[in-house]
Amino acid sequence: MKNQSLTIALVGNPNTGKSTIFNALTGLKQKVGNYPGVTVERKTGFLNLNGVQHKIIDLPGTYSLNHKKIDERIAYQTLIGEYQHEQTPDLAVLVLDATNLDRNLYLATQVMDLEIPVIVLLNMSDLAEERGIKNDADKIQKQLGVPVLPIIAKNKKDIEQVKQAIAKHDLKPPAPLRWKPEESLSNAINEITENWLKPHTNLPNRAYPIEALRLISDNQVPDDFHNHPRKEVAQEIIANAQAEIERAGKNPAAAEVMARYDFIESCTKNGSTRQDEAETTSDKIDAVVTHKVFGPILFVAILLLMFQAIFSWAEPFMNLIDLFFVHAGNTVAETLPPGILNDLLVEGVIAGLAGVIIFLPQIMFLFFFISILEGTGYMARAAFVMDGFMTRIGLHGRSVVPLISGFACAVPGIMATRTIESWSDRLITIMVLPFMACSARLPVYALMISAFVPNENVLGFISLQGLTFFGLYIFGIVMAIAAAWVMKLFYSDGSSTPFMMELPSYKMPKWSAVFYNMFERGWIFVKEAGKIIMAISVVLWFLASYPKVDVPPEIANNPATTEASFNAQQSASSYKLKHSYAGQFGRFIEPAIEPLGFDWKIGIGLLTSFAAREVMVGTLNTIYSVGEEKGSVVTLQEKLIKDKDPETGEPIFTTLSAISLMIFFALAMQCMSTLAIVRRETNSWKWPIVMFTYMTTLAYICSLVVYQGGLALGY
Ligand SMILES: Nc1nc2c(ncn2[C@@H]2O[C@H](COP(=O)(O)OP(=O)(O)OP(=O)(O)O)[C@@H](O)[C@H]2O)c(=O)[nH]1
Ligand SMILES: [Mg+2]
């Protein structure tokens with residue numbers, strides 16, 4: 001290799017370790033997980049080798065180049081140099097799973113047909129050895145005619161070898177069609193190439209054989225690249241080619257596959273041996289985990305345990321953070337001279353931040369658990385276990401992984417739907433995904449639950465608060481499923497694709513990755529929420545503090561309340577708040593939300609939370625801090641419980657209105673980023689608008705029914 005800067009693509013089947021190798025080469029932290037379909041987008045990074053910088057591309061996994069799904073198409077387009085008119089990669093690093101070489105080599109032979117220089121890595125050699133599989137790299141290298149290297153991605157030494165192999169590659173492309181299609185197939189390829197692909201498509205030459213073979217076996221002319229208006233011309237050419245293959249006594253749909261596998265067998269015969277398939281540990285675990293009855297029970301139990309743990313384990317950390325902010329607020333209040341700056345910092349910024357950062361421990365625990373589910377390989381089992389159920393409502397197992405990702409955040413969940421083949425299934429999954437209780441709802445749920453659900457145990461060991469928390473997650477899941485079922489009745493393109501997902505063998509999660517992910521997500525939460533909250537808190541503090549009004553003496557000295565100082569203070573400050581700009585606005589929208597059990601203060605919170613849900617808590621904290629006596633150590637929770645209507649003396653918040661609020665948050669579409677990603681993934685404004693409207697209307701109706709129903713029943 002001359003000293004030139006190369007573009008190097010990592011290609012391979014799903015879950016073979018491409019992203020792991022990408023991270024090792026570039027030093028980046030691309031997401032890695034033990035299930036197929038982790039990477040659904042291209043990621044690029046840089047590798048410095050002997051002073052030359054190379055561009056490395058991590059691609060979504062694909063089983064073949066006969067792409068059907070968006071993630072597979074991205075891989076194909078990149079390889080043929082048609083991804084946003086980018087150049088073909090100078091080198092493809094094929095990452096194969098050494099425990100399953102036959103199937104992995106299928107893609108390898110296809111990529112070699114594209115005349116791209118390649119290096120073949122037999123990754124996961126440790127697992128292969130464990131299972132008694134021996135691969136003779138030299139023999140495979142000789143048959144394929146390209147460099148072949150057995151490696152273990154997590155070994156630094158092996159990654160060094162990969163770098164050297166890249167550095168000394170001669171960049172000669174392998175000869176195409178090394179698997180030697182027999183004569184009729186080869187003629188068919190030529191006919192289709194000459195008569196259709198060359199004159200009527202804008203494909204690059206290197207893609208002709210692969211594209212011709214795809215037309216022969218699939219018998220369908222796809223839309224991309226084939227922009228000739230008369231598809232029937234192509235159909236005729238294809239039919240002729242197929243007839244030729246049939247005349248030679250072969251099946252056009254299978255001829256290519258059989259020939260490739262014959263070639264692959266010649267590579268691995270004697271070169272790759274496996275002992276008699278003993279039942280592996282993974283198989284033994286799966287006997288229980290994917291069991292018809294125990295499987296679903298275990299799935300629910302895992303979720304219950306996860307949300308219980310998030311709720312209870314995080315508490316001591318949350319108390320610490322709370323204490324820290326109370327002291328920070330007091331210190332600032334005492335050190336700075338009294339005045340606007342003091343008020344702004346203490347009541348606006350610190351109160352707003354405290355309201356949100358307190359939930360950091362819960363967010364981090366959530367990501368900790370999700371990383372473990374992803375790292376061990378359980379995600380794929382969850383999809384498998386739920387497939388039967390999902391099929392009954394008209395979706396299938398493929399939707400399960402994106403839906404579970406939605407617990408973290410709807411945005412990556414929606415991206416993960418790229419692994420779903422059928423467009424209507426994909427669209428429906430996208431449309432219901434935001435019902436999954438994402439981490440931004442967690443602060444609101446946690447605040448309301450700890451304030452209004454008694455801290456008791458049921459059955460002696462399950463905390464009622466934790467159970468309510470879990471219930472809200474279940475509520476989100478049920479609503480998502482119900483909505484999907486209804487949508488399927490109206491919107492189905494009738495296509496159905498069988499569910500197939502490889503169950504990867506169980507692995508110990510990579511702990512460094514788990515902790516990295518947990519801290520990274522925690523940091524993103526603080527940074528993103530912090531940015532919006534700082535801005536909103538400052539504006540809100542101003543709107544809630546001005547115009548300053550004089551409190552009438554009868555309210556200022558109100559003796560009627562029993563808990564004298566706190567409530568007198570409350571009603572004086574609440575009088576001021578009520579007459580501030582924010583208060584005026586809140587009261588303006590109050591009639592619309594009063595039937596749901598919300599007062600104008602919640603109204604302000606609802607409004608700000610349309611920017612991002614977690615802002616709600618920061619907003620309430622700011623609102624409830626304005627005008628508060630300095631140095632008070634009352635938590636937001638207590639303020640909510642004690643907040644009374646100054647006129648009637650009734651509590652503003654009841655358990656019923658808290659439930660109504662949680663239901664509203666569970667269902668309403670309050671997330672700009674989600675709408676933006678739906679716009680991008682569906683390529684239209686229609687779907688984000690539909691999503692916003694139906695979800696928010698549903699939220700309003702459900703909260704209304706629950707609150708009014710509850711009142712009628714005497715709660
Ligand atoms: N034992 C072992 N595990 C590995 C090795 N390389 C990767 N893994 C694990 O295999 C799993 C898949 O790795 P990824 O890097 O996410 O695979 P990928 O090819 O990018 O997967 P997709 O993005 O879904 O196509 C992870 O759990 C890795 O930790 C290896 O050499 N040995
Ligand atoms: Mg990946």
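Both ligands and their constituent atoms are indexed starting at 1 by order of listing.
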OG (Ser19) - the Mg ion (ligand 2) - OG1 (Thr39) angle, nearest 10° |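 Rounding to the nearest 10 degrees gives 90°.
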Against heavy atoms of [X], which atoms of ligand 1 measure under 4.0 Å?
{"X": "Tyr35", "result": "24 (O)"}
{"X": "Gly37", "result": "24 (O)"}
{"X": "Gly61", "result": "25 (O)"}

Does one side chain, of [X] or [Y], offer a donor that lies under 3.5 Å from an acceptor on the other?
{"X": "Tyr506", "Y": "Asp286", "value": "yes"}
{"X": "Thr417", "Y": "Thr429", "value": "no"}
{"X": "Gln110", "Y": "Tyr76", "value": "no"}
{"X": "Thr290", "Y": "Arg381", "value": "no"}
{"X": "Ser505", "Y": "Arg131", "value": "yes"}
{"X": "Thr16", "Y": "Asn123", "value": "no"}

Minimum non-hydrogen distance to atom 26 (C) of ligand 1, winning option of Ile21, Thr419, Val32 =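 Ranked by closest heavy atom to atom 26 (C) of ligand 1, first place is Val32.
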The Mg ion (ligand 2) contact by Asn15, N, O or S atom under 2.8 Å |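 Of the N, O and S atoms in Asn15, none lies under 2.8 Å from the Mg ion (ligand 2), which means no.
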Under 4.0 Å from ligand 1, counting heavy atoms only, is it the side chain of [X], its backbone, both or neither?
{"X": "Asp126", "result": "side chain"}
{"X": "Pro504", "result": "neither"}
{"X": "Phe22", "result": "neither"}
{"X": "Lys18", "result": "both"}

Between Thr39 (side chain) and Glu41 (backbone), is there a donor-acceptor pair under 3.5 Å?
->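 A pair under 3.5 Å: no.
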Can any side-chain N or O of Ser125 pair as donor or acceptor with the backbone N or O of Ile152 at less than 3.5 Å?
->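 Side chain of Ser125 to backbone of Ile152, a donor-acceptor pair under 3.5 Å: no, none is there.
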Going by the ring-ring contact (aromatic ring centres under 6.0 Å, His included) test, name the single residue among Phe307, Tyr378, Trp313 that passes it with Phe369.
->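 Looking at Phe307, Tyr378, Trp313, the match for Phe369 under the ring-ring contact (aromatic ring centres under 6.0 Å, His included) is Trp313.
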Give the residue and atom name of whichever protein heavy atom lies nearest to [atom], and the separation in Å to one decimal.
{"atom": "atom 8 (N) of ligand 1", "answer": "Met124 CE, 3.9 Å"}
{"atom": "atom 6 (N) of ligand 1", "answer": "Asn123 ND2, 3.2 Å"}
{"atom": "atom 3 (N) of ligand 1", "answer": "Lys507 CE, 3.4 Å"}
{"atom": "atom 12 (C) of ligand 1", "answer": "Asn15 OD1, 3.0 Å"}

Consider ligand 1: state whether an atom of it lies below 4.0 angstrom from any non-hydrogen atom of Lys510.
->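 The answer is no: ligand 1 sits nowhere under 4.0 Å from a heavy atom of Lys510.
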Can a non-hydrogen atom of Pro36 be found less than 4.0 Å from any atom of ligand 1?
->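 Within the 4.0 Å threshold, so yes.
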